[in-house]
Amino acid sequence: MILSRDVVLRPPAKSDAESIARACADPRVSRFLPTLPVPYTRDDALAYLGMAEQAWRDGGASFAIADAETDEWLGNIGLKPLDARGNGEVGYLVAPWAQGRGVATAATRALTEWVFALGVRRVELLADVENLASQRVALAAGFQREGVRRSAEARRDGSRADLVAFARLYGEPGERVEPFLPALPGGSLSDGVVRLRPLGPGDADDYHTLENLPDVVRYSVPPQGPDRARAERLCREAGAHWLAGERVELTIREAATDAFAGHIQLTSIVPVLCQAMTGYSLLPAFRGRGLTTRAVDLLVGWAFEHTPLARIVAGTSPGNHASHRVLERAGFTRDRLVRGLLPGPDGTRLDDLQWYRLRE
């Protein structure tokens, strides 16, 4: 048994079977656990209890996560048998009714400390690229993001999922890893006219249509719209890129109707310079109403208030006068014209008129 302030890790018991079955039958749990039977029954839970005992005989470990006061079953957590290099890997599930309480973080931290006490020097945690909750748990438990293992796991629908790899080393303090780019307060930004909401898998159709409009492609770098597969992939992975501090991808929406109006981003993020680049595009039906200016001002205001970013830049075509007006109204200053900086069609090179806005 492993004790922590918030949870207890104890051997799974037959009395947990009903709770395990109820939790594993929930799509919120089974979505990222492709090996779980669907539908999941009490018999499956009993079979799991047998596998949990076998895990110990195979050199791993399996615990139930229980409430520290009531002993109520809240989830499962385990350690796979050490790999050939002596490294461990943690995996867990938490019941839907226990999520949002820090249960997974507390259990992961407690198990990791226990594993280190056994002499293991490296513990890994892998999360589906779309499983942002698990990625946040890894960071909160002191794990460092190390990269992405492409197409590393089969999904239930037969596709392959990328896995984001995290690890914690023996001797590291295990303090919460704060993302360079925090989440939006309340999940979105709005001034009452426009709303900025994180780009996600459900936006793939609108995003694909927008980014392939001829006048949007004309000013893209390179001047080529994404195909359907690439658009879907960007929308699926946008949250993971945000957590990694690599980019911010947002939809621009009409606040009154929540209709998709466009897209805005922060990219080319350089933490050591506290600098990022913004770019944006809008559907024709929403142009001419100042929505893009509002979106840029909202995004830059959030960046300056909630992140270390102190300089936001933008690049425009010298002939894109509409974009120039957006930036001027959003408080940007014209910087310089860089000749032949950008790739153009058919091997040509295009000039880039650059802008900047500084934290006040």
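No experiment lies behind these values; they were computed from the predicted model shown.
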Distance-only, no hydrogens or angles: does the [X] side chain make a donor-acceptor pair with backbone N or O of [Y] under 3.5 Å?
X	Y	value
Asp191	Val194	yes
Gln135	Val129	yes
Gln99	Val94	yes
Arg109	Ala140	yes
Trp242	Leu181	yes
Ser190	Gly192	yes
Arg121	Gly119	yes
Ser317	Gly319	yes
Arg156	Leu33	yes
Asp162	Asp128	no

On a heavy-atom basis, which atom in [X] and which in [Y] lie closest, and how many Å separate them?
X	Y	answer
Thr105	Ala141	CG2-N, 4.0 Å
Ile252	Ala295	CD1-CB, 3.8 Å
Pro201	Glu130	CG-OE1, 3.9 Å
Ala98	Val103	O-CG2, 3.7 Å
Trp73	Ala95	CZ3-CB, 3.7 Å
Ala330	Thr293	N-CG2, 4.0 Å

Any ring pair (Phe, Tyr, Trp, His ring centres under 6.0 Å) involving residues 243-300? Give me the pairs, sequence neighbours left out, ordered by first then second residue.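 Those involving residues 243-300 are Tyr207-His263.
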If you look only at pairs with a residue in residues 141-179, which of them pass as a ring pair (Phe, Tyr, Trp, His ring centres under 6.0 Å), with sequence neighbours excluded?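 As it turns out, the ring pair (Phe, Tyr, Trp, His ring centres under 6.0 Å) pairs with a partner in residues 141-179, which skip direct neighbours, are Phe116-Tyr170.
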Please determine whether residues [X] and [Y] belong to a single hydrophobic cluster, defined as Ile, Leu, Val, Met, Phe, Trp and Tyr linked transitively by side-chain heavy-atom distances below 4.5 Å.
X	Y	value
Leu189	Val193	yes
Val248	Val270	no
Leu234	Val164	no
Leu126	Val120	no
Tyr356	Val338	no

Given side chains that start at C-beta, do those of [X] and [Y] come closer than 4.5 Å, heavy atoms only?
X	Y	answer
Val148	Glu237	no
Val216	Asn212	no
Asp26	Arg31	no
Val296	Ile312	no
Ser62	Tyr48	yes
Arg136	Leu139	no
Leu337	Pro318	yes
Glu172	Thr112	no

Which of these passes salt bridge (charged side-chain N to carboxylate O under 4.0 Å, His left out) with Glu124: Arg85, Arg149, Lys80, Arg145?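 It is Arg149, the one option of Arg85, Arg149, Lys80, Arg145 that forms the salt bridge (charged side-chain N to carboxylate O under 4.0 Å, His left out) with Glu124.
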Which residue pairs satisfy the side chain to side chain donor-acceptor pair (under 3.5 Å) criterion with at least one member in residues 267-276, sequence neighbours excluded?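 Qualifying pairs: Gln275-Arg311.
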What verdict does the side chain to side chain contact (heavy atoms under 4.5 Å, CB included) test give for Arg228 and Asp205, after you've listed the backbone C-alpha separation in whole Å, the side-chain angles of each residue and the deciding distance to 0.1 Å? CA-CA 8 Å; Arg228 176 70 192 196; Asp205 287 340; 2.3 Å; yes
Which donor-acceptor pairs under 3.5 Å do side chains of residues 297-309 form with protein atoms, sequence neighbours excluded?
residue, atom, partner, partner atom, Å
Asp297, OD1, Arg357, NH1, 2.9
Thr307, OG1, Ala303, O, 2.6
Thr307, OG1, Leu309, N, 3.0

State which residues pass side-chain contact (heavy atoms from CB on, under 4.5 Å) with Asp157; sequence neighbours excluded, sorted by chain then number.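 In terms of side-chain contact (heavy atoms from CB on, under 4.5 Å), with neighbours along the sequence ignored, Asp157 is linked to Arg155, Ser159.
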What I want to check is whether the side chains of Ser19 and Asp16 have a donor and an acceptor closer together than 3.5 Å.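 No - no donor-acceptor pair under 3.5 Å links their side chains.
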Distance only, no hydrogens: is a donor on one side chain within 3.5 Å (strictly under) of an acceptor on the other, for Tyr219 and Ser281?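 On atom types as modelled, these side chains do not qualify, holding no pair under 3.5 Å.
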Could you grab the distance from atom [atom1] of [X] to atom [atom2] of [Y], nearest 0.5 Å is fine?
X	Y	atom1	atom2	value
Arg197	Leu184	CZ	CG	11.5 Å
His324	Trp355	NE2	CH2	5.5 Å
Arg150	Leu163	CZ	CG	12.5 Å
Leu341	Arg336	CG	CZ	8.5 Å
Leu79	Phe63	CG	CZ	9.0 Å
Thr333	Gln354	OG1	CD	13.5 Å

Looking at Arg349, I'd like to know if its CZ atom is crowded, meaning that more than 12 non-hydrogen atoms belonging to other residues, nucleotides or ligands lie closer than 6.0 Å.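 Correct, the count exceeds 12.
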Please check if atom CD in Gln54 has more than 12 non-hydrogen atoms from other residues, nucleotides or ligands closer than 6.0 Å.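 Yes, CD of Gln54 has more than 12 neighbouring heavy atoms, counting only those of other groups under 6.0 Å.
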Is there any salt bridge (charged side-chain N to carboxylate O under 4.0 Å, His left out) pair reaching into residues 57-69, and which pairs are they, with sequence neighbours excluded?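 Pairs touching residues 57-69 that pass the test: Asp67-Arg101.
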Using side chain to side chain contact (heavy atoms under 4.5 Å, CB included) as the criterion, point out the one residue from Val123, Ile65, Ile77 that pairs with Thr108.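 Among the candidates, only Ile77 passes.
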Please evaluate residues Asp203 and Arg253 with respect to the criterion salt bridge (Lys or Arg N to Asp or Glu O under 4.0 Å), reporting the C-alpha separation (whole Å), side-chain torsions for both, the decisive distance (0.1 Å), and the verdict. CA-CA 11 Å; Asp203 300 309; Arg253 315 190 80 85; 3.5 Å; yes
Before giving the answer on side chain to side chain contact (heavy atoms under 4.5 Å, CB included), spell out for Ile269 and Glu246 the whole-Å C-alpha distance, their side-chain angles and the decisive distance to 0.1 Å. CA-CA 6 Å; Ile269 295 170; Glu246 296 170 346; over 6 Å; no
With side chain to side chain contact (heavy atoms under 4.5 Å, CB included) as the test, would you mind laying out the steps for Thr292 and Arg329 before giving the verdict? CA-CA 10 Å; Thr292 308; Arg329 290 195 296 263; over 6 Å; no
Decide yes or no on side chain to side chain contact (heavy atoms under 4.5 Å, CB included) for Leu111 and Leu9, but give the supporting numbers first. CA-CA 8 Å; Leu111 181 60; Leu9 306 188; 4.0 Å; yes
